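None of these values were measured; they are calculated from a predicted model. We count residues from 1, following the sequence as given.
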Amino acid sequence: MMNLSSSDDTVAIVFSVLNGASSLVCVLASTVLFALKLHTKLVYRLALYQVLIGLVFAAVETFEIIFVDYDELYKRLCTVVGWLVVYTQWVKLLFTVWVTVHLFCFGVLQKNLKKFEVLYVVTSLFVPLLIASIPLITGSYGYSSLGCYIHGTNATYAIAAIEAISLWNVPALAILLAASTAMVVMVIKLAQRVYLRRQFDTTVDGDQYWAALKQLLPLAAFPILFFVFVIPSLVYGAYLFNTSAPSEALTLATSVFISLWSMASGITLLVHIAVARLYGKRHRSKATNTKYSSSYTAVGETESSVHVDSFTKYSLPDDSI
């Protein structure tokens, strides 16, 4: 039997407790989305995909508790868990990329990419299969200070470290940095348009653009928050590459941030739904008291819909969100 240190025990418990809570948040967010029938909107589905894969990731990490008393009997199971962790990481990363691409094209390039949804899903689910299988072939999955992951034995530790950095740390850093930058550019660009529009249009019609921008902000938060929560694990990976002695403080901090990935996705979706409904109601109420009420109601559809089609007033693509 492998004797784990007290810090390893603490990390396993943190993983299990926080990821268990994250699972509940993801279930709640998914339930609310389906209850309000918001899955008919493409961007809601893109957000839902992230929440669902977050739920899978959290469920997998919850099982880390069984490895507190690690035994050779658990070696194969640990390999499976390690493979699932890498796979779900990449699925979430690619769905984050597609959310970024879709929102950037929608808000900045004024392109409707709705027809590419199947491509979003297929690439996000199948490309990670290949990536996660590389450490499986080289036998690099094992129990590390952060649970079952790419670790290897003493003899293969150097190879496993290189695999971990090349298969996750470096690409994740580059992709999430680019995605976060794209979202910041999109928000600034839309804010400029909203500002200019409201300078020349003080009616409800002009105010709708501001409401629509606020509805987009929670979605733009997906790649930015993912980037924030992944930074500690990237730093920790670089630290371990230079030393084989894990830092208890970095290990614990990293385990907390990793465990909050899924919870952040669920909370982001809930915030988006709440904001969309709040401003949908508010601007419908204003519209009914003005001469614009009939045209706005035609766009509104239902109380729970996201009234972002008003963006089309200045050439944003119709029904892309």
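Residues satisfying the ring pair (Phe, Tyr, Trp, His ring centres under 6.0 Å) test with Phe34, not counting sequence neighbours, are His39. Listed by chain and residue number, nothing satisfies the ring pair (Phe, Tyr, Trp, His ring centres under 6.0 Å) test with Phe227 (two or more places apart in sequence, or in another chain). Take Phe222 and apply the ring pair (Phe, Tyr, Trp, His ring centres under 6.0 Å) test, not counting sequence neighbours, and it matches no residue. Listed by chain and residue number, Trp98 satisfy the ring pair (Phe, Tyr, Trp, His ring centres under 6.0 Å) test with Tyr120 (two or more places apart in sequence, or in another chain).
Side-chain contact between Ser133 and Trp83 is present, with heavy atoms from C-beta onward closer than 4.5 Å. Contact of the Trp168 side chain with the Leu93 side chain is registered, since non-hydrogen atoms from C-beta on lie closer than 4.5 Å. Residues Val32 and Ile273 form a side-chain contact, since some pair of their non-hydrogen atoms from C-beta on lies under 4.5 Å apart. Looking only at side-chain heavy atoms (C-beta outward), Leu167 and Pro171 stay at 4.5 Å or farther from each other. Using a 4.5 Å heavy-atom threshold, the side chains of Phe57 and Val60 count as separate. Side-chain contact check for Val99 versus Tyr49: every heavy-atom pair is 4.5 Å or farther apart.
Leu177 is connected to Phe95 through a chain of hydrophobic side-chain contacts under 4.5 Å among Ile, Leu, Val, Met, Phe, Trp and Tyr, so both are in one cluster. Clustering ILVMFWY residues whenever any of their side-chain heavy atoms sit less than 4.5 angstrom apart, transitively, puts Tyr44 in the very cluster that holds Leu270. Hydrophobic clustering (ILVMFWY, side-chain heavy atoms < 4.5 Å, transitive): Val118 and Phe126 are in one cluster. No path of Ile, Leu, Val, Met, Phe, Trp and Tyr side chains, each step under 4.5 Å between heavy atoms, connects Leu94 with Leu130, placing them in separate hydrophobic clusters. Under the 4.5 Å side-chain heavy-atom criterion for ILVMFWY residues, no single connected hydrophobic cluster contains both Leu269 and Leu24.
In terms of heavy-atom proximity, Ser259 sits nearest to Leu18 at CB-CB, 3.4 Å. Shown here for Ala21 and Met263, the closest heavy-atom pair between the two residues is CB-CE, 3.8 Å. A pairwise comparison of heavy atoms in Pro232 and Phe257 identifies CG-CG, 3.4 Å as the closest pair. Here the shortest heavy-atom pairing between Ala29 and Val51 reads CB-CG1, 4.3 Å. Across all non-hydrogen atoms, the minimal contact from Thr268 to Ala221 is CG2-CB, 4.4 Å. In plain terms, the two heavy atoms of Ser262 and Gly54 that are nearest each other are OG-O, 2.6 Å.
A distance of 10.0 Å separates NZ in Lys189 from CG in Leu109, rounded to the nearest 0.5 Å.
A distance-only check finds no donor-acceptor pair linking the side chain of Thr100 to the backbone of Met183 [under 3.5 Å].
As a member of the Ile/Leu/Val/Met/Phe/Trp/Tyr network built from side-chain separations under 4.5 Å, Val27 groups with Leu55.
Each side chain to side chain donor-acceptor pair (under 3.5 Å) pair with one or both residues in residues 84-95, not counting sequence neighbours, appears once here: Gln50-Lys92, Gln89-Tyr149, Lys92-Ser265.
Taking the six-membered ring for Trp, Phe116 and His102 have ring centres at least 6.0 Å apart.
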Side chain to side chain contact (heavy atoms under 4.5 Å, CB included) assessment of Ile258 paired with Phe229 | CA-CA 7 Å; Ile258 290 176; Phe229 284 113; over 6 Å; no
What's the verdict on side chain to side chain contact (heavy atoms under 4.5 Å, CB included) for Ser30 and Leu52, showing C-alpha distance, side-chain angles and the deciding distance?
-> CA-CA 8 Å; Ser30 302; Leu52 291 178; 3.7 Å; yes
Could you walk me through whether Lys41 and Leu38 pass the side chain to side chain contact (heavy atoms under 4.5 Å, CB included) test, one step at a time?
-> CA-CA 6 Å; Lys41 295 286 185 177; Leu38 298 176; 5.6 Å; no
